[in-house]
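The structure appears right after this line, and notes come after that.
Labels below follow one simple rule: chain letters A, B, ... track the order of the sequence lines, proteins then strands, and each chain is numbered from 1.
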There are 2 protein chains.
Amino acid sequence: MSHFTAVIADDHAIVRSGLKAALENETLVDGHIIEVVAEAGNGLDAIGTVKQHRPDLLVLDVSMPMAGGVEVLVETRRWAPDTRIIVFTGISAMGKVSELVEAGVDGLFSKAEDNQGLYQHVPMILQGGRYISPFFTSILDNAPQRSALTDRERQILNLIVAGQSNKEISTHLGISAKTVDRHRTNLMQKLDVHSVAQLIAYSLREGLIDPAAEV
Amino acid sequence: MSHFTAVIADDHAIVRSGLKAALENETLVDGHIIEVVAEAGNGLDAIGTVKQHRPDLLVLDVSMPMAGGVEVLVETRRWAPDTRIIVFTGISAMGKVSELVEAGVDGLFSKAEDNQGLYQHVPMILQGGRYISPFFTSILDNAPQRSALTDRERQILNLIVAGQSNKEISTHLGISAKTVDRHRTNLMQKLDVHSVAQLIAYSLREGLIDPAAEV
DNA sequence: TTTGAAATGGGGGATTCACCTCATTCAGCA
DNA sequence: TGCTGAATGAGGTGAATCCCCCATTTCAAA
(Lines give C-alpha, C1' and ligand atoms only; values in the text may rest on other atoms or scores of the structure.)
Protein backbone atom coordinates (compact mmCIF):
# COMPACT_ATOMS: atom_id res chain seq x y z
CA MET A 1 0.00 0.00 0.00
CA SER A 2 1.43 3.29 -1.11
CA HIS A 3 0.55 6.96 -1.09
CA PHE A 4 0.62 8.92 -4.33
CA THR A 5 0.23 12.63 -5.07
CA ALA A 6 -1.67 13.88 -8.11
CA VAL A 7 -2.34 17.13 -9.96
CA ILE A 8 -5.43 17.65 -12.13
CA ALA A 9 -5.50 20.11 -15.04
CA ASP A 10 -8.74 20.82 -16.88
CA ASP A 11 -10.47 24.06 -17.78
CA HIS A 12 -13.83 22.80 -16.53
CA ALA A 13 -14.30 22.84 -12.79
CA ILE A 14 -16.99 20.19 -12.95
CA VAL A 15 -14.64 17.80 -14.77
CA ARG A 16 -11.92 18.45 -12.23
CA SER A 17 -14.23 17.59 -9.36
CA GLY A 18 -15.35 14.44 -11.17
CA LEU A 19 -11.77 13.34 -11.77
CA LYS A 20 -10.77 14.17 -8.21
CA ALA A 21 -13.61 12.09 -6.85
CA ALA A 22 -12.74 9.20 -9.15
CA LEU A 23 -9.05 9.29 -8.26
CA GLU A 24 -9.51 9.65 -4.53
CA ASN A 25 -12.14 6.94 -4.42
CA GLU A 26 -10.89 4.37 -1.93
CA THR A 27 -12.01 1.41 -4.03
CA LEU A 28 -8.77 1.45 -6.02
CA VAL A 29 -7.34 -2.05 -6.27
CA ASP A 30 -4.19 -2.97 -4.32
CA GLY A 31 -5.12 -0.50 -1.60
CA HIS A 32 -3.49 2.44 -3.33
CA ILE A 33 -4.22 5.88 -2.03
CA ILE A 34 -4.12 8.88 -4.35
CA GLU A 35 -4.25 12.40 -2.99
CA VAL A 36 -5.02 15.32 -5.30
CA VAL A 37 -2.66 18.00 -4.02
CA ALA A 38 -3.48 20.71 -6.58
CA GLU A 39 -5.72 21.62 -9.51
CA ALA A 40 -5.14 23.88 -12.51
CA GLY A 41 -7.67 25.52 -14.82
CA ASN A 42 -5.33 26.35 -17.70
CA GLY A 43 -2.08 25.18 -19.27
CA LEU A 44 0.25 27.75 -17.72
CA ASP A 45 -1.08 27.11 -14.24
CA ALA A 46 -0.66 23.41 -14.88
CA ILE A 47 3.03 23.81 -15.75
CA GLY A 48 3.65 26.00 -12.72
CA THR A 49 1.80 23.66 -10.41
CA VAL A 50 3.74 20.64 -11.66
CA LYS A 51 7.06 22.41 -11.14
CA GLN A 52 6.03 23.27 -7.61
CA HIS A 53 4.52 19.98 -6.48
CA ARG A 54 6.34 17.42 -8.66
CA PRO A 55 3.45 14.98 -8.26
CA ASP A 56 3.51 11.28 -8.94
CA LEU A 57 0.59 11.65 -11.33
CA LEU A 58 -0.59 14.39 -13.66
CA VAL A 59 -4.08 14.22 -15.16
CA LEU A 60 -4.35 16.43 -18.23
CA ASP A 61 -6.96 17.72 -20.63
CA VAL A 62 -5.82 18.32 -24.21
CA SER A 63 -7.64 21.55 -24.93
CA MET A 64 -7.00 24.21 -22.33
CA PRO A 65 -6.55 27.98 -22.40
CA MET A 66 -3.06 29.49 -22.36
CA ALA A 67 -1.27 26.23 -23.22
CA GLY A 68 -2.45 22.96 -24.73
CA GLY A 69 -2.10 19.49 -23.25
CA VAL A 70 0.82 18.56 -25.48
CA GLU A 71 2.85 21.57 -24.38
CA VAL A 72 2.13 20.84 -20.72
CA LEU A 73 3.15 17.23 -21.27
CA VAL A 74 6.48 18.18 -22.83
CA GLU A 75 7.21 20.75 -20.11
CA THR A 76 6.33 18.29 -17.39
CA ARG A 77 8.67 15.69 -18.87
CA ARG A 78 11.45 18.30 -18.71
CA TRP A 79 10.88 19.49 -15.15
CA ALA A 80 9.45 16.40 -13.50
CA PRO A 81 10.62 13.38 -15.46
CA ASP A 82 9.30 10.92 -12.89
CA THR A 83 5.73 12.22 -13.03
CA ARG A 84 3.37 9.79 -14.72
CA ILE A 85 1.11 11.62 -17.18
CA ILE A 86 -2.36 10.53 -18.22
CA VAL A 87 -4.54 12.46 -20.63
CA PHE A 88 -8.32 12.66 -20.54
CA THR A 89 -9.90 13.98 -23.70
CA GLY A 90 -13.13 14.22 -25.66
CA ILE A 91 -13.74 13.61 -29.33
CA SER A 92 -12.74 17.19 -30.04
CA ALA A 93 -9.05 16.39 -30.12
CA MET A 94 -8.76 13.18 -32.10
CA GLY A 95 -6.03 14.70 -34.25
CA LYS A 96 -3.83 15.13 -31.19
CA VAL A 97 -3.81 11.45 -30.29
CA SER A 98 -0.76 10.43 -32.31
CA GLU A 99 1.00 13.58 -31.16
CA LEU A 100 0.38 12.64 -27.54
CA VAL A 101 1.60 9.10 -28.04
CA GLU A 102 4.77 10.32 -29.73
CA ALA A 103 5.31 12.75 -26.86
CA GLY A 104 5.25 9.77 -24.52
CA VAL A 105 1.94 9.93 -22.71
CA ASP A 106 1.57 7.19 -20.08
CA GLY A 107 -2.20 6.85 -20.19
CA LEU A 108 -4.89 7.92 -22.63
CA PHE A 109 -8.58 7.87 -21.67
CA SER A 110 -11.76 9.16 -23.29
CA LYS A 111 -14.06 11.44 -21.33
CA ALA A 112 -16.98 9.46 -22.71
CA GLU A 113 -15.65 6.24 -21.23
CA ASP A 114 -16.82 4.78 -17.99
CA ASN A 115 -14.71 5.69 -14.97
CA GLN A 116 -14.08 1.99 -14.61
CA GLY A 117 -11.03 2.39 -16.82
CA LEU A 118 -9.41 4.67 -14.26
CA TYR A 119 -9.78 2.23 -11.40
CA GLN A 120 -8.42 -0.62 -13.46
CA HIS A 121 -5.44 0.99 -15.14
CA VAL A 122 -4.19 3.89 -13.03
CA PRO A 123 -2.44 1.66 -10.46
CA MET A 124 -0.66 -0.13 -13.28
CA ILE A 125 0.37 3.20 -14.81
CA LEU A 126 1.68 4.42 -11.45
CA GLN A 127 3.89 1.35 -11.33
CA GLY A 128 5.47 2.21 -14.67
CA GLY A 129 2.97 0.73 -17.10
CA ARG A 130 1.42 2.43 -20.10
CA TYR A 131 -2.21 2.24 -21.24
CA ILE A 132 -3.99 3.56 -24.32
CA SER A 133 -7.77 3.18 -24.33
CA PRO A 134 -9.16 0.96 -27.13
CA PHE A 135 -11.15 4.07 -27.94
CA PHE A 136 -8.02 5.57 -29.49
CA THR A 137 -6.05 2.59 -30.77
CA SER A 138 -8.22 2.32 -33.87
CA ILE A 139 -7.39 5.94 -34.69
CA LEU A 140 -3.69 5.24 -34.38
CA ASP A 141 -4.02 2.27 -36.73
CA ASN A 142 -6.47 3.60 -39.27
CA ALA A 143 -5.28 7.12 -39.86
CA PRO A 144 -1.52 7.36 -39.54
CA GLN A 145 -1.09 9.15 -42.86
CA ARG A 146 -3.73 11.79 -42.27
CA SER A 147 -1.90 13.50 -39.48
CA ALA A 148 1.37 13.27 -41.44
CA LEU A 149 1.27 16.96 -42.17
CA THR A 150 4.54 18.82 -42.46
CA ASP A 151 5.23 21.81 -40.26
CA ARG A 152 4.74 24.21 -43.14
CA GLU A 153 1.43 22.59 -44.07
CA ARG A 154 0.20 22.78 -40.51
CA GLN A 155 1.23 26.42 -40.34
CA ILE A 156 -0.65 27.25 -43.52
CA LEU A 157 -3.66 25.24 -42.38
CA ASN A 158 -3.78 27.44 -39.30
CA LEU A 159 -3.83 30.57 -41.42
CA ILE A 160 -6.51 29.16 -43.73
CA VAL A 161 -8.71 28.35 -40.75
CA ALA A 162 -8.07 31.87 -39.45
CA GLY A 163 -9.81 33.07 -42.60
CA GLN A 164 -6.82 34.38 -44.54
CA SER A 165 -6.75 34.19 -48.34
CA ASN A 166 -3.87 32.76 -50.33
CA LYS A 167 -2.54 36.23 -51.01
CA GLU A 168 -2.72 37.26 -47.37
CA ILE A 169 -0.92 34.10 -46.32
CA SER A 170 1.74 34.63 -48.97
CA THR A 171 2.59 38.15 -47.78
CA HIS A 172 2.39 36.97 -44.18
CA LEU A 173 4.95 34.24 -44.79
CA GLY A 174 6.95 36.09 -47.41
CA ILE A 175 6.40 33.47 -50.10
CA SER A 176 4.53 33.40 -53.39
CA ALA A 177 0.78 33.01 -53.49
CA LYS A 178 1.34 30.14 -55.89
CA THR A 179 3.27 28.25 -53.25
CA VAL A 180 0.45 28.73 -50.78
CA ASP A 181 -1.89 27.43 -53.45
CA ARG A 182 0.30 24.36 -53.87
CA HIS A 183 0.33 23.70 -50.11
CA ARG A 184 -3.44 24.11 -50.03
CA THR A 185 -3.82 21.53 -52.80
CA ASN A 186 -1.51 19.12 -50.98
CA LEU A 187 -3.45 19.63 -47.76
CA MET A 188 -6.75 18.82 -49.39
CA GLN A 189 -5.29 15.71 -50.99
CA LYS A 190 -3.76 14.50 -47.73
CA LEU A 191 -6.93 15.12 -45.74
CA ASP A 192 -9.19 13.86 -48.52
CA VAL A 193 -11.47 16.89 -48.64
CA HIS A 194 -12.70 18.82 -51.66
CA SER A 195 -13.34 22.37 -50.46
CA VAL A 196 -12.13 24.95 -47.97
CA ALA A 197 -15.30 24.41 -46.04
CA GLN A 198 -14.60 20.72 -45.52
CA LEU A 199 -10.96 21.48 -44.83
CA ILE A 200 -11.78 23.89 -42.04
CA ALA A 201 -14.64 21.87 -40.61
CA TYR A 202 -12.48 18.76 -40.57
CA SER A 203 -9.55 20.55 -38.97
CA LEU A 204 -11.60 22.07 -36.18
CA ARG A 205 -13.58 18.92 -35.56
CA GLU A 206 -10.52 16.69 -35.39
CA GLY A 207 -8.52 19.16 -33.37
CA LEU A 208 -5.83 19.11 -36.04
CA ILE A 209 -4.93 22.72 -35.47
CA ASP A 210 -4.57 24.88 -32.43
CA PRO A 211 -7.29 27.53 -32.41
CA ALA A 212 -5.17 29.77 -30.19
CA ALA A 213 -1.89 29.19 -32.01
CA GLU A 214 0.53 32.02 -32.65
CA VAL A 215 1.12 32.26 -36.37
CA MET B 1 -37.04 19.49 3.73
CA SER B 2 -38.03 17.87 0.47
CA HIS B 3 -36.93 15.06 -1.78
CA PHE B 4 -36.29 15.76 -5.46
CA THR B 5 -35.53 13.47 -8.39
CA ALA B 6 -33.05 14.43 -11.09
CA VAL B 7 -31.84 13.21 -14.48
CA ILE B 8 -28.40 14.05 -15.85
CA ALA B 9 -27.65 14.15 -19.59
CA ASP B 10 -24.09 14.64 -20.83
CA ASP B 11 -22.01 12.70 -23.35
CA HIS B 12 -19.01 12.59 -21.00
CA ALA B 13 -19.22 10.03 -18.22
CA ILE B 14 -16.72 11.93 -16.11
CA VAL B 15 -18.86 15.06 -16.25
CA ARG B 16 -21.96 13.08 -15.31
CA SER B 17 -20.25 11.66 -12.24
CA GLY B 18 -19.03 15.13 -11.28
CA LEU B 19 -22.52 16.58 -11.61
CA LYS B 20 -24.06 13.68 -9.76
CA ALA B 21 -21.65 14.12 -6.88
CA ALA B 22 -22.30 17.86 -6.79
CA LEU B 23 -26.08 17.43 -6.84
CA GLU B 24 -26.26 14.65 -4.28
CA ASN B 25 -23.90 16.42 -1.93
CA GLU B 26 -25.71 16.79 1.36
CA THR B 27 -24.44 20.30 2.00
CA LEU B 28 -27.26 21.82 -0.07
CA VAL B 29 -28.86 24.67 1.81
CA ASP B 30 -32.37 24.26 3.29
CA GLY B 31 -31.78 20.55 3.80
CA HIS B 32 -32.89 19.64 0.30
CA ILE B 33 -32.16 16.15 -0.92
CA ILE B 34 -31.64 15.49 -4.61
CA GLU B 35 -31.52 11.95 -5.95
CA VAL B 36 -30.16 11.27 -9.42
CA VAL B 37 -32.52 8.60 -10.71
CA ALA B 38 -31.07 8.22 -14.21
CA GLU B 39 -28.30 9.34 -16.56
CA ALA B 40 -28.18 9.69 -20.34
CA GLY B 41 -25.19 9.86 -22.66
CA ASN B 42 -26.93 11.29 -25.71
CA GLY B 43 -29.91 13.43 -26.64
CA LEU B 44 -32.30 10.65 -27.64
CA ASP B 45 -31.64 8.73 -24.46
CA ALA B 46 -32.19 11.93 -22.54
CA ILE B 47 -35.64 12.46 -24.07
CA GLY B 48 -36.65 8.85 -23.43
CA THR B 49 -35.37 8.95 -19.88
CA VAL B 50 -37.26 12.14 -19.11
CA LYS B 51 -40.50 10.72 -20.50
CA GLN B 52 -40.05 7.66 -18.33
CA HIS B 53 -38.99 9.25 -15.05
CA ARG B 54 -40.57 12.73 -15.27
CA PRO B 55 -37.97 14.08 -12.83
CA ASP B 56 -38.17 17.28 -10.86
CA LEU B 57 -34.86 18.38 -12.32
CA LEU B 58 -33.09 17.83 -15.65
CA VAL B 59 -29.42 18.72 -16.00
CA LEU B 60 -28.47 19.11 -19.65
CA ASP B 61 -25.39 19.54 -21.80
CA VAL B 62 -25.85 21.58 -24.98
CA SER B 63 -23.71 19.52 -27.34
CA MET B 64 -24.64 15.86 -27.33
CA PRO B 65 -24.79 13.14 -29.99
CA MET B 66 -28.14 12.23 -31.58
CA ALA B 67 -29.96 15.34 -30.35
CA GLY B 68 -28.77 18.69 -29.06
CA GLY B 69 -29.59 20.29 -25.73
CA VAL B 70 -32.12 22.69 -27.23
CA GLU B 71 -34.11 19.86 -28.80
CA VAL B 72 -34.09 17.92 -25.54
CA LEU B 73 -35.23 21.04 -23.70
CA VAL B 74 -38.17 21.59 -26.04
CA GLU B 75 -39.19 17.93 -25.93
CA THR B 76 -38.97 17.89 -22.16
CA ARG B 77 -41.17 20.95 -21.90
CA ARG B 78 -43.74 19.12 -24.01
CA TRP B 79 -43.75 15.82 -22.13
CA ALA B 80 -42.85 16.90 -18.63
CA PRO B 81 -43.85 20.55 -18.24
CA ASP B 82 -43.17 20.57 -14.50
CA THR B 83 -39.56 19.46 -14.85
CA ARG B 84 -37.10 22.23 -14.04
CA ILE B 85 -34.32 22.34 -16.64
CA ILE B 86 -30.82 23.61 -16.06
CA VAL B 87 -28.12 23.62 -18.71
CA PHE B 88 -24.41 23.19 -18.10
CA THR B 89 -22.21 24.21 -21.01
CA GLY B 90 -18.67 25.11 -22.02
CA ILE B 91 -17.46 27.96 -24.16
CA SER B 92 -18.10 25.84 -27.24
CA ALA B 93 -21.77 26.70 -27.39
CA MET B 94 -21.93 30.44 -26.76
CA GLY B 95 -24.15 30.91 -29.80
CA LYS B 96 -26.80 28.71 -28.25
CA VAL B 97 -27.22 30.86 -25.16
CA SER B 98 -29.93 33.16 -26.47
CA GLU B 99 -31.66 30.18 -28.05
CA LEU B 100 -31.73 28.42 -24.69
CA VAL B 101 -33.09 31.46 -22.90
CA GLU B 102 -35.82 31.90 -25.49
CA ALA B 103 -36.70 28.22 -25.13
CA GLY B 104 -37.24 28.87 -21.44
CA VAL B 105 -34.29 27.32 -19.65
CA ASP B 106 -34.58 27.61 -15.86
CA GLY B 107 -30.87 27.67 -15.06
CA LEU B 108 -27.73 28.30 -17.09
CA PHE B 109 -24.30 27.46 -15.70
CA SER B 110 -20.79 27.38 -17.17
CA LYS B 111 -18.73 24.22 -16.85
CA ALA B 112 -15.76 26.42 -16.03
CA GLU B 113 -17.55 27.91 -13.04
CA ASP B 114 -17.05 26.76 -9.52
CA ASN B 115 -19.59 24.22 -8.31
CA GLN B 116 -20.52 26.78 -5.70
CA GLY B 117 -23.10 28.13 -8.12
CA LEU B 118 -24.99 24.86 -8.04
CA TYR B 119 -25.28 24.75 -4.29
CA GLN B 120 -26.45 28.33 -4.13
CA HIS B 121 -28.97 28.44 -6.94
CA VAL B 122 -30.38 24.96 -7.56
CA PRO B 123 -32.71 25.03 -4.51
CA MET B 124 -34.08 28.36 -5.69
CA ILE B 125 -34.60 26.97 -9.20
CA LEU B 126 -36.40 23.93 -7.78
CA GLN B 127 -38.79 26.29 -6.05
CA GLY B 128 -39.68 27.96 -9.34
CA GLY B 129 -36.91 30.51 -9.65
CA ARG B 130 -34.74 31.14 -12.69
CA TYR B 131 -31.00 31.80 -12.75
CA ILE B 132 -28.61 32.73 -15.55
CA SER B 133 -24.93 32.78 -14.66
CA PRO B 134 -23.23 36.20 -14.97
CA PHE B 135 -20.91 34.31 -17.27
CA PHE B 136 -23.61 34.43 -19.95
CA THR B 137 -25.53 37.61 -19.26
CA SER B 138 -22.88 39.73 -20.98
CA ILE B 139 -23.31 37.61 -24.11
CA LEU B 140 -27.04 38.18 -24.06
CA ASP B 141 -26.53 41.92 -23.77
CA ASN B 142 -23.61 42.43 -26.15
CA ALA B 143 -24.51 40.23 -29.09
CA PRO B 144 -28.23 40.04 -29.59
CA GLN B 145 -28.13 40.83 -33.30
CA ARG B 146 -25.47 38.34 -34.28
CA SER B 147 -27.54 35.30 -33.51
CA ALA B 148 -30.59 36.84 -35.19
CA LEU B 149 -30.31 34.42 -38.06
CA THR B 150 -33.46 33.33 -39.79
CA ASP B 151 -34.33 29.65 -40.03
CA ARG B 152 -33.43 29.56 -43.71
CA GLU B 153 -30.09 31.23 -43.07
CA ARG B 154 -29.27 28.81 -40.30
CA GLN B 155 -30.21 25.91 -42.55
CA ILE B 156 -27.96 27.15 -45.34
CA LEU B 157 -25.16 27.87 -42.88
CA ASN B 158 -25.31 24.23 -41.86
CA LEU B 159 -24.93 23.10 -45.45
CA ILE B 160 -22.05 25.50 -46.08
CA VAL B 161 -20.23 24.17 -43.04
CA ALA B 162 -20.91 20.65 -44.30
CA GLY B 163 -18.80 21.58 -47.30
CA GLN B 164 -21.50 21.92 -49.93
CA SER B 165 -21.19 24.41 -52.76
CA ASN B 166 -23.86 26.92 -53.71
CA LYS B 167 -25.02 24.69 -56.55
CA GLU B 168 -25.22 21.62 -54.32
CA ILE B 169 -27.19 23.52 -51.74
CA SER B 170 -29.55 24.88 -54.38
CA THR B 171 -30.43 21.43 -55.73
CA HIS B 172 -30.66 20.09 -52.18
CA LEU B 173 -33.22 22.72 -51.20
CA GLY B 174 -34.89 22.99 -54.59
CA ILE B 175 -34.11 26.70 -54.98
CA SER B 176 -31.92 28.71 -57.30
CA ALA B 177 -28.16 28.91 -56.76
CA LYS B 178 -28.57 32.67 -56.89
CA THR B 179 -30.80 32.59 -53.85
CA VAL B 180 -28.24 30.56 -51.97
CA ASP B 181 -25.65 33.12 -53.00
CA ARG B 182 -27.85 35.88 -51.63
CA HIS B 183 -28.31 34.08 -48.31
CA ARG B 184 -24.57 33.55 -48.13
CA THR B 185 -23.95 37.26 -48.63
CA ASN B 186 -26.51 38.12 -45.96
CA LEU B 187 -24.92 35.62 -43.57
CA MET B 188 -21.48 37.13 -43.98
CA GLN B 189 -22.85 40.60 -43.42
CA LYS B 190 -24.77 39.59 -40.31
CA LEU B 191 -21.84 37.72 -38.82
CA ASP B 192 -19.32 40.35 -39.93
CA VAL B 193 -16.96 37.95 -41.68
CA HIS B 194 -15.35 38.25 -45.09
CA SER B 195 -14.72 34.70 -46.28
CA VAL B 196 -16.12 31.19 -46.07
CA ALA B 197 -13.21 30.27 -43.89
CA GLN B 198 -14.10 32.88 -41.29
CA LEU B 199 -17.77 32.01 -41.62
CA ILE B 200 -17.18 28.34 -40.87
CA ALA B 201 -14.59 28.88 -38.20
CA TYR B 202 -16.85 31.38 -36.45
CA SER B 203 -19.88 29.11 -36.67
CA LEU B 204 -18.10 26.09 -35.27
CA ARG B 205 -16.32 28.03 -32.56
CA GLU B 206 -19.43 29.82 -31.38
CA GLY B 207 -21.59 26.73 -31.60
CA LEU B 208 -23.94 28.59 -33.92
CA ILE B 209 -24.79 25.50 -35.88
CA ASP B 210 -25.45 21.90 -34.95
CA PRO B 211 -22.67 19.68 -36.32
CA ALA B 212 -24.97 16.66 -36.24
CA ALA B 213 -28.05 18.40 -37.62
CA GLU B 214 -30.29 16.73 -40.14
CA VAL B 215 -30.47 18.89 -43.24
C1' DT C 1 -53.83 49.45 -45.04
C1' DT C 2 -49.28 50.34 -45.47
C1' DT C 3 -44.86 49.12 -44.17
C1' DG C 4 -41.20 46.05 -43.70
C1' DA C 5 -38.83 41.81 -43.23
C1' DA C 6 -37.96 37.39 -45.35
C1' DA C 7 -37.40 34.46 -49.16
C1' DT C 8 -37.13 34.08 -53.83
C1' DG C 9 -34.48 34.84 -58.32
C1' DG C 10 -31.96 37.17 -62.52
C1' DG C 11 -27.65 39.86 -64.77
C1' DG C 12 -23.10 40.96 -64.50
C1' DG C 13 -18.29 41.40 -63.13
C1' DA C 14 -13.94 41.21 -60.41
C1' DT C 15 -11.64 38.10 -57.74
C1' DT C 16 -10.32 33.84 -55.97
C1' DC C 17 -10.13 28.97 -55.77
C1' DA C 18 -8.95 24.31 -57.34
C1' DC C 19 -6.16 21.73 -59.98
C1' DC C 20 -3.33 20.65 -63.70
C1' DT C 21 1.83 20.60 -65.72
C1' DC C 22 6.53 21.69 -65.17
C1' DA C 23 10.77 23.09 -62.82
C1' DT C 24 14.34 24.36 -59.12
C1' DT C 25 16.58 24.23 -54.67
C1' DC C 26 18.04 21.87 -50.64
C1' DA C 27 18.50 18.59 -46.91
C1' DG C 28 18.80 13.92 -45.43
C1' DC C 29 19.83 9.20 -46.50
C1' DA C 30 21.19 4.62 -48.34
C1' DT D 1 26.70 9.65 -55.29
C1' DG D 2 22.40 9.35 -56.74
C1' DC D 3 17.50 9.47 -54.60
C1' DT D 4 13.70 10.96 -52.26
C1' DG D 5 10.86 14.31 -49.91
C1' DA D 6 9.92 18.99 -48.76
C1' DA D 7 9.46 23.61 -50.11
C1' DT D 8 9.51 26.73 -53.59
C1' DG D 9 7.36 28.98 -57.78
C1' DA D 10 5.49 29.82 -62.84
C1' DG D 11 1.69 29.34 -66.45
C1' DG D 12 -2.84 28.31 -67.49
C1' DT D 13 -7.90 26.96 -67.18
C1' DG D 14 -12.51 26.27 -65.63
C1' DA D 15 -15.29 26.73 -61.76
C1' DA D 16 -16.84 29.10 -57.79
C1' DT D 17 -16.99 32.91 -54.78
C1' DC D 18 -18.28 37.66 -53.44
C1' DC D 19 -20.88 41.54 -54.15
C1' DC D 20 -23.14 44.92 -56.68
C1' DC D 21 -27.55 45.97 -59.41
C1' DC D 22 -32.55 44.76 -59.96
C1' DA D 23 -37.28 42.53 -59.14
C1' DT D 24 -41.56 39.70 -57.12
C1' DT D 25 -44.24 37.34 -53.51
C1' DT D 26 -45.71 36.41 -48.97
C1' DC D 27 -46.79 37.35 -44.49
C1' DA D 28 -46.99 39.58 -40.17
C1' DA D 29 -46.79 43.79 -37.60
C1' DA D 30 -47.78 48.74 -37.10
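Counting any heavy atom pair closer than 4.0 Å across all strands shown, A:Thr179 reaches a base atom. Residue contacts shown for A:Asn166 are limited to sugar-phosphate atoms, with no base heavy atom under 4.0 Å away. At a threshold of 4.0 angstrom between heavy atoms, the contacts of A:Arg182 include nucleobase atoms, whether or not backbone atoms are also involved.
The aromatic rings of A:Phe109 and A:Tyr131 sit tilted relative to each other, their planes meeting at an angle between 30° and 60°.
A straight line from CG of B:Asp181 to P of C:dG13 spans 16 Å, rounded to a whole angstrom. Between B:Lys178 atom NZ and C:dG12 atom C1' the separation is 7 Å, expressed in whole Å. Between B:Gln189 atom CD and D:dC18 atom P there is a gap of 13 Å when expressed in whole angstrom units. As rounded to whole Å, 9 Å separates atom P of D:dA7 from atom CG of A:Asn186. For A:Lys190 and C:dA18, the NZ to P distance is 18 Å, given to the nearest whole Å. B:Ile169 places its CD1 atom 12 Å from the C1' atom of D:dA16, with the value rounded to the nearest Å. For the pair B:Glu153 CD and C:dT8 P, the interatomic distance rounds to 10 Å; values are reported in whole Å. With rounding to whole Å, B:Ile156 atom CD1 is found 15 Å from D:dC18 atom C1'.
For B:Thr150 and C:dA5, the shortest distance from a side-chain N or O to OP1 or OP2 is not below 4.0 Å. Between A:Ser165 and the phosphate of C:dT15, there is no side-chain N or O to OP1/OP2 separation shorter than 4.0 Å.
Of the residues listed (B:Arg16, B:Lys111, B:Lys20), the one engaging B:Asp10 in a salt bridge (Lys or Arg N to Asp or Glu O under 4.0 Å) is B:Lys111, and it is the only one.
Between B:Ile200 and B:Ile160, the shortest heavy-atom contact is CD1-O, 4.3 Å.
Here the OG1 atom belonging to A:Thr171 is positioned 11.0 Å from the CG atom belonging to A:Asn166, to the nearest 0.5 angstrom.
Using a 4.0 Å cut-off between charged side-chain N and carboxylate O, A:Asp106 and A:Arg77 make a salt bridge.
Taking only side-chain atoms of A:Ser176, from C-beta outward, the nucleotide of D:dA10, C:dA18, D:dC18 with the closest atom is D:dA10. When distances are taken from the side chain of B:His183 to each of C:dA18, C:dT8, D:dT8, the shortest belongs to C:dT8.
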